[in-house]
Q: 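Would you mind keeping the following structure in view while I ask a few things?
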Amino acid sequence: EAGVAQSPRYKIIEKRQSVAFWCNPISGHATLYWYQQILGQGPKLLIQFQNNGVVDDSQLPKDRFSAERLKGVDSTLKIQPAKLEDSAVYLCASRDGGGRAKNIQYFGAGTRLSVL
Amino acid sequence: QQQVKQSPQSLIVQKGGISIINCAYENTAFDYFPWYQQFPGKGPALLIAIRPDVSEKKEGRFTISFNKSAKQFSLHIMDSQPGDSATYFCAAVTSGTYKYIFGTGTRLKVLA
(Lines give C-alpha, C1' and ligand atoms only; values in the text may rest on other atoms or scores of the structure.)
Protein backbone atom coordinates (compact mmCIF):
# COMPACT_ATOMS: atom_id res chain seq x y z
CA GLU A 1 0.00 0.00 0.00
CA ALA A 2 1.45 3.36 -1.04
CA GLY A 3 1.85 5.96 1.69
CA VAL A 4 0.84 9.60 1.80
CA ALA A 5 2.58 11.49 -0.99
CA GLN A 6 3.54 15.14 -0.71
CA SER A 7 5.24 17.54 -3.05
CA PRO A 8 7.41 19.45 -3.29
CA ARG A 9 9.78 18.25 -0.57
CA TYR A 10 11.44 21.64 -0.23
CA LYS A 11 10.46 25.16 -1.18
CA ILE A 12 12.28 28.45 -0.71
CA ILE A 13 10.40 31.68 -1.36
CA GLU A 14 10.63 35.32 -0.43
CA LYS A 15 8.14 36.94 1.89
CA ARG A 16 4.95 38.15 0.25
CA GLN A 17 5.22 35.48 -2.45
CA SER A 18 2.68 32.71 -2.78
CA VAL A 19 3.26 28.97 -2.51
CA ALA A 20 1.21 25.80 -2.86
CA PHE A 21 1.67 22.32 -1.48
CA TRP A 22 0.10 19.14 -2.78
CA CYS A 23 -0.95 15.98 -0.96
CA ASN A 24 -2.20 12.62 -2.20
CA PRO A 25 -3.53 10.53 0.69
CA ILE A 26 -3.56 6.77 1.03
CA SER A 27 -6.13 5.33 -1.34
CA GLY A 28 -9.55 5.08 0.23
CA HIS A 29 -8.79 7.29 3.22
CA ALA A 30 -11.71 9.65 3.72
CA THR A 31 -10.09 11.98 6.25
CA LEU A 32 -7.20 14.26 5.35
CA TYR A 33 -5.28 16.61 7.63
CA TRP A 34 -2.82 19.43 7.07
CA TYR A 35 -0.42 20.24 9.91
CA GLN A 36 2.19 22.92 10.43
CA GLN A 37 5.31 21.79 12.29
CA ILE A 38 7.61 24.60 13.38
CA LEU A 39 11.15 23.54 14.24
CA GLY A 40 11.31 22.08 17.72
CA GLN A 41 7.54 21.86 18.13
CA GLY A 42 4.84 19.27 17.68
CA PRO A 43 2.58 19.28 14.64
CA LYS A 44 -0.28 21.79 14.84
CA LEU A 45 -3.50 21.05 12.99
CA LEU A 46 -4.37 23.58 10.31
CA ILE A 47 -7.35 21.93 8.65
CA GLN A 48 -9.21 18.62 8.61
CA PHE A 49 -11.25 17.34 5.68
CA GLN A 50 -13.80 14.55 5.64
CA ASN A 51 -14.08 13.57 1.97
CA ASN A 52 -14.27 17.01 0.31
CA GLY A 53 -15.89 18.82 3.23
CA VAL A 54 -14.11 20.82 5.94
CA VAL A 55 -14.51 19.40 9.45
CA ASP A 56 -12.21 21.76 11.36
CA ASP A 57 -10.32 24.82 10.14
CA SER A 58 -10.38 26.72 13.41
CA GLN A 59 -6.58 27.15 13.48
CA LEU A 60 -6.13 28.00 9.81
CA PRO A 61 -5.05 31.65 9.31
CA LYS A 62 -7.72 32.30 6.74
CA ASP A 63 -6.41 35.70 5.73
CA ARG A 64 -3.45 34.04 4.04
CA PHE A 65 -3.94 30.27 4.07
CA SER A 66 -6.43 28.32 2.00
CA ALA A 67 -6.94 24.63 1.34
CA GLU A 68 -9.14 22.54 -0.84
CA ARG A 69 -9.83 18.90 -1.45
CA LEU A 70 -11.67 18.60 -4.70
CA LYS A 71 -13.30 15.25 -5.43
CA GLY A 72 -12.38 14.07 -1.93
CA VAL A 73 -8.95 12.74 -2.88
CA ASP A 74 -5.95 15.05 -3.49
CA SER A 75 -5.59 18.25 -1.55
CA THR A 76 -3.68 21.51 -1.95
CA LEU A 77 -2.67 24.00 0.72
CA LYS A 78 -1.86 27.53 -0.37
CA ILE A 79 -0.21 30.45 1.38
CA GLN A 80 -0.64 33.91 -0.09
CA PRO A 81 1.18 36.09 0.82
CA ALA A 82 3.82 34.24 2.84
CA LYS A 83 5.36 35.69 5.98
CA LEU A 84 8.67 34.89 7.63
CA GLU A 85 6.86 33.06 10.45
CA ASP A 86 5.36 30.62 7.95
CA SER A 87 8.73 28.88 7.70
CA ALA A 88 7.96 25.35 8.83
CA VAL A 89 7.36 21.80 7.66
CA TYR A 90 3.86 21.28 6.32
CA LEU A 91 2.67 17.74 6.94
CA CYS A 92 -0.24 15.98 5.35
CA ALA A 93 -1.86 12.99 7.02
CA SER A 94 -4.75 10.70 6.19
CA ARG A 95 -6.99 8.36 8.16
CA ASP A 96 -9.00 5.35 7.12
CA GLY A 97 -11.96 5.99 9.38
CA GLY A 98 -13.08 2.41 9.82
CA GLY A 99 -12.16 -0.78 11.59
CA ARG A 100 -9.41 -1.22 14.13
CA ALA A 101 -7.24 1.44 12.48
CA LYS A 102 -9.82 4.20 12.61
CA ASN A 103 -7.80 6.30 15.04
CA ILE A 104 -4.48 6.02 13.21
CA GLN A 105 -3.19 8.92 11.15
CA TYR A 106 -0.57 8.20 8.50
CA PHE A 107 1.79 11.03 7.69
CA GLY A 108 3.62 12.06 4.56
CA ALA A 109 7.25 13.17 4.64
CA GLY A 110 6.22 16.82 4.56
CA THR A 111 7.20 19.94 2.64
CA ARG A 112 9.87 22.09 4.23
CA LEU A 113 9.13 25.76 3.53
CA SER A 114 11.70 28.48 4.03
CA VAL A 115 10.49 32.07 3.74
CA LEU A 116 13.32 34.58 3.29
CA GLN B 1 -7.48 22.29 28.43
CA GLN B 2 -6.57 21.07 24.96
CA GLN B 3 -2.84 21.01 25.67
CA VAL B 4 -0.65 17.97 26.06
CA LYS B 5 2.49 18.65 28.08
CA GLN B 6 5.53 16.54 27.22
CA SER B 7 8.86 16.19 29.00
CA PRO B 8 11.80 16.15 28.80
CA GLN B 9 12.54 18.27 25.76
CA SER B 10 15.69 16.25 25.07
CA LEU B 11 17.15 13.05 26.42
CA ILE B 12 20.52 11.35 26.13
CA VAL B 13 20.74 7.67 27.04
CA GLN B 14 23.51 5.11 26.84
CA LYS B 15 23.03 2.10 24.62
CA GLY B 16 21.16 -0.58 26.53
CA GLY B 17 19.62 1.90 28.93
CA ILE B 18 15.98 2.79 29.50
CA SER B 19 14.50 5.90 27.91
CA ILE B 20 11.46 7.41 29.61
CA ILE B 21 9.30 10.18 28.15
CA ASN B 22 6.32 11.62 29.98
CA CYS B 23 3.10 13.32 28.92
CA ALA B 24 0.22 14.89 30.81
CA TYR B 25 -3.20 16.06 29.70
CA GLU B 26 -6.21 17.79 31.22
CA ASN B 27 -9.15 17.05 28.97
CA THR B 28 -10.89 13.88 30.20
CA ALA B 29 -12.62 13.52 26.84
CA PHE B 30 -9.40 12.19 25.33
CA ASP B 31 -9.71 8.43 24.83
CA TYR B 32 -6.83 7.39 22.62
CA PHE B 33 -3.15 8.10 23.27
CA PRO B 34 -0.64 7.34 20.51
CA TRP B 35 3.10 7.83 20.44
CA TYR B 36 4.76 8.81 17.18
CA GLN B 37 8.41 8.49 16.17
CA GLN B 38 9.94 10.96 13.72
CA PHE B 39 13.31 10.69 12.04
CA PRO B 40 14.91 13.75 10.41
CA GLY B 41 13.37 14.48 7.04
CA LYS B 42 10.51 12.03 7.57
CA GLY B 43 6.94 12.35 8.71
CA PRO B 44 5.86 11.03 12.11
CA ALA B 45 5.07 7.31 12.21
CA LEU B 46 2.88 5.54 14.75
CA LEU B 47 4.94 3.63 17.29
CA ILE B 48 2.46 2.39 19.87
CA ALA B 49 -0.90 3.52 21.25
CA ILE B 50 -3.11 2.90 24.27
CA ARG B 51 -6.69 3.40 25.36
CA PRO B 52 -7.51 4.52 28.93
CA ASP B 53 -9.18 1.23 29.86
CA VAL B 54 -5.76 -0.42 30.32
CA SER B 55 -2.82 0.70 32.44
CA GLU B 56 -0.02 -0.69 30.32
CA LYS B 57 0.67 -1.82 26.78
CA LYS B 58 3.85 -3.44 25.60
CA GLU B 59 5.11 -4.00 22.07
CA GLY B 60 8.63 -5.35 21.87
CA ARG B 61 10.98 -2.92 23.60
CA PHE B 62 8.33 -0.19 23.77
CA THR B 63 5.88 0.13 26.66
CA ILE B 64 3.19 2.72 27.41
CA SER B 65 2.23 3.20 31.04
CA PHE B 66 -1.08 4.97 31.60
CA ASN B 67 -2.33 6.57 34.82
CA LYS B 68 -5.92 7.63 34.28
CA SER B 69 -6.42 9.27 37.69
CA ALA B 70 -3.28 11.39 37.30
CA LYS B 71 -4.02 12.06 33.61
CA GLN B 72 -0.50 11.07 32.70
CA PHE B 73 1.07 8.56 30.34
CA SER B 74 4.62 7.67 29.53
CA LEU B 75 6.71 5.84 26.94
CA HIS B 76 9.44 3.49 28.09
CA ILE B 77 12.05 2.27 25.63
CA MET B 78 13.89 -0.71 27.06
CA ASP B 79 17.39 -1.67 25.88
CA SER B 80 17.66 1.61 23.95
CA GLN B 81 19.61 1.39 20.70
CA PRO B 82 21.34 4.03 18.57
CA GLY B 83 18.68 3.37 15.91
CA ASP B 84 16.07 4.66 18.36
CA SER B 85 17.60 8.14 18.12
CA ALA B 86 14.69 10.24 16.88
CA THR B 87 12.10 12.73 18.05
CA TYR B 88 9.14 11.24 19.89
CA PHE B 89 5.72 12.86 20.13
CA CYS B 90 2.86 11.90 22.35
CA ALA B 91 -0.67 12.79 21.32
CA ALA B 92 -4.16 12.72 22.73
CA VAL B 93 -7.22 12.04 20.64
CA THR B 94 -10.96 12.29 21.12
CA SER B 95 -12.53 9.47 19.14
CA GLY B 96 -15.57 11.52 18.19
CA THR B 97 -13.55 14.15 16.33
CA TYR B 98 -10.36 12.10 15.64
CA LYS B 99 -8.46 15.34 16.20
CA TYR B 100 -4.89 14.85 17.40
CA ILE B 101 -3.36 17.17 20.00
CA PHE B 102 0.40 16.65 19.93
CA GLY B 103 2.94 17.21 22.65
CA THR B 104 5.97 19.37 21.96
CA GLY B 105 8.28 16.44 21.29
CA THR B 106 11.33 14.82 22.90
CA ARG B 107 14.58 14.53 21.01
CA LEU B 108 16.21 11.25 22.04
CA LYS B 109 19.84 10.47 21.41
CA VAL B 110 21.15 7.01 22.23
CA LEU B 111 24.91 6.86 22.53
CA ALA B 112 26.69 3.85 21.07
Side-chain angles (χ1 to χ4, degrees), chain A residues 1-10 21 23-26 29-51 54-60 88-112, chain B residues 1-11 21-25 29-54 57 59 64 75 86-109:
Chain A
E1 172 178 82
V4 176
Q6 290 189 246
S7 67
R9 288 299 313 277
Y10 306 92
F21 313 126
C23 173
N24 182 237
I26 293 174
H29 282 197
T31 311
L32 185 147
Y33 307 81
W34 282 102
Y35 289 88
Q36 180 191 59
Q37 185 176 23
I38 293 174
L39 186 65
Q41 298 182 19
K44 184 187 86 169
L45 180 68
L46 292 174
I47 189 167
Q48 176 182 347
F49 290 96
Q50 180 70 21
N51 296 309
V54 175
V55 174
D56 185 346
D57 64 355
S58 58
Q59 297 192 83
L60 186 73
V89 174
Y90 291 84
L91 294 164
C92 179
S94 69
R95 185 178 65 86
D96 185 358
R100 293 174 58 85
K102 64 182 178 181
N103 273 318
I104 301 174
Q105 291 191 20
Y106 298 87
F107 285 82
T111 296
R112 181 177 297 276
Chain B
Q1 195 179 21
Q2 287 293 322
Q3 282 187 327
V4 176
K5 296 181 180 179
Q6 183 172 346
S7 63
Q9 189 173 14
S10 62
L11 183 60
I21 305 170
N22 302 298
C23 284
Y25 64 97
F30 293 135
D31 58 2
Y32 179 73
F33 301 90
W35 284 90
Y36 275 74
Q37 180 187 55
Q38 185 176 29
F39 293 104
K42 305 290 186 182
L46 179 67
L47 188 62
I48 187 173
I50 197 168
R51 291 193 177 278
D53 53 348
V54 297
K57 183 175 182 180
E59 291 184 0
I64 300 179
L75 175 69
T87 300
Y88 293 80
F89 294 97
C90 63
V93 187
T94 306
S95 287
T97 64
Y98 301 104
K99 179 178 177 179
Y100 276 39
I101 306 296
F102 281 94
T104 50
T106 296
R107 180 175 288 187
L108 171 65
K109 184 174 179 63

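Numbers restart at 1 for each chain; the letters A, B, ... are given by sequence-line order, proteins then strands.
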Q: With only heavy atoms counted, which part of B:Thr97 is less than 4.5 Å from chain A, the side chain, the backbone, both or neither?
A: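 B:Thr97 touches chain A through backbone heavy atoms alone.
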Q: Of all of A:Gly42, A:Gly110, A:Ala93, A:Gly108, which one pairs up most often with chain B through heavy atoms under 4.5 Å apart?
A: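 Top option by heavy-atom pairs under 4.5 Å: A:Gly42.
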Q: Residues in ring pair (Phe, Tyr, Trp, His ring centres under 6.0 Å) with B:Tyr100, at least two apart?
A: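 Applying ring pair (Phe, Tyr, Trp, His ring centres under 6.0 Å) to B:Tyr100 gives B:Tyr36, B:Phe102.
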Q: Under a 4.5 Å cutoff for heavy-atom pairs, which residue among A:Arg95, A:Gln41, A:Gln48, A:Arg112 has the most contacts with chain B?
A: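 Option with the greatest count: A:Arg95.
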Q: Would you mind telling me which of A:Gly40, A:Cys92, A:Ala109 has the largest number of heavy-atom pairs within less than 4.5 Å of chain B?
A: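 Of A:Gly40, A:Cys92, A:Ala109, A:Ala109 has the most heavy-atom pairs under 4.5 Å with chain B.
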Q: What are the residues of residues 42-50 of chain B, in order of number, with any heavy atom under 4.5 angstrom from a heavy atom of chain A?
A: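 Within residues 42-50 of chain B, the residues under 4.5 Å from chain A are B:Lys42, B:Gly43, B:Pro44, B:Leu46.
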Q: Heavy-atom cut-off 4.5 Å, strictly under: side chain, backbone, both or neither for B:Gln6 against chain A?
A: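 When you check distances to chain A, no heavy atom of B:Gln6 falls under 4.5 Å.
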Q: Picking from A:Tyr33, A:Tyr35, A:Phe107, which has the most non-hydrogen pairs under 4.5 angstrom with chain B?
A: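 Looking at each of A:Tyr33, A:Tyr35, A:Phe107 in turn, A:Phe107 comes out on top.
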Q: To the closest 0.5 Å, what do you measure between CG (A:Leu45) and NZ (B:Lys99)?
A: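 One finds 6.0 Å between CG of A:Leu45 and NZ of B:Lys99.
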Q: Quick check on A:Gln105 against chain B: is it the side chain, the backbone, both or neither that has a heavy atom closer than 4.5 Å?
A: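 It is both, since atoms from each part get that close.
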Q: Based on non-hydrogen pairs under 4.5 Å, which of A:Gln37, A:Arg9, A:Gln6 is most in contact with chain B?
A: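 Highest number of pairs under 4.5 Å: A:Gln37.
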Q: So which part of B:Tyr98 gets closer than 4.5 Å to some heavy atom of chain A, the side chain, the backbone, both or neither?
A: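 Both backbone and side chain.
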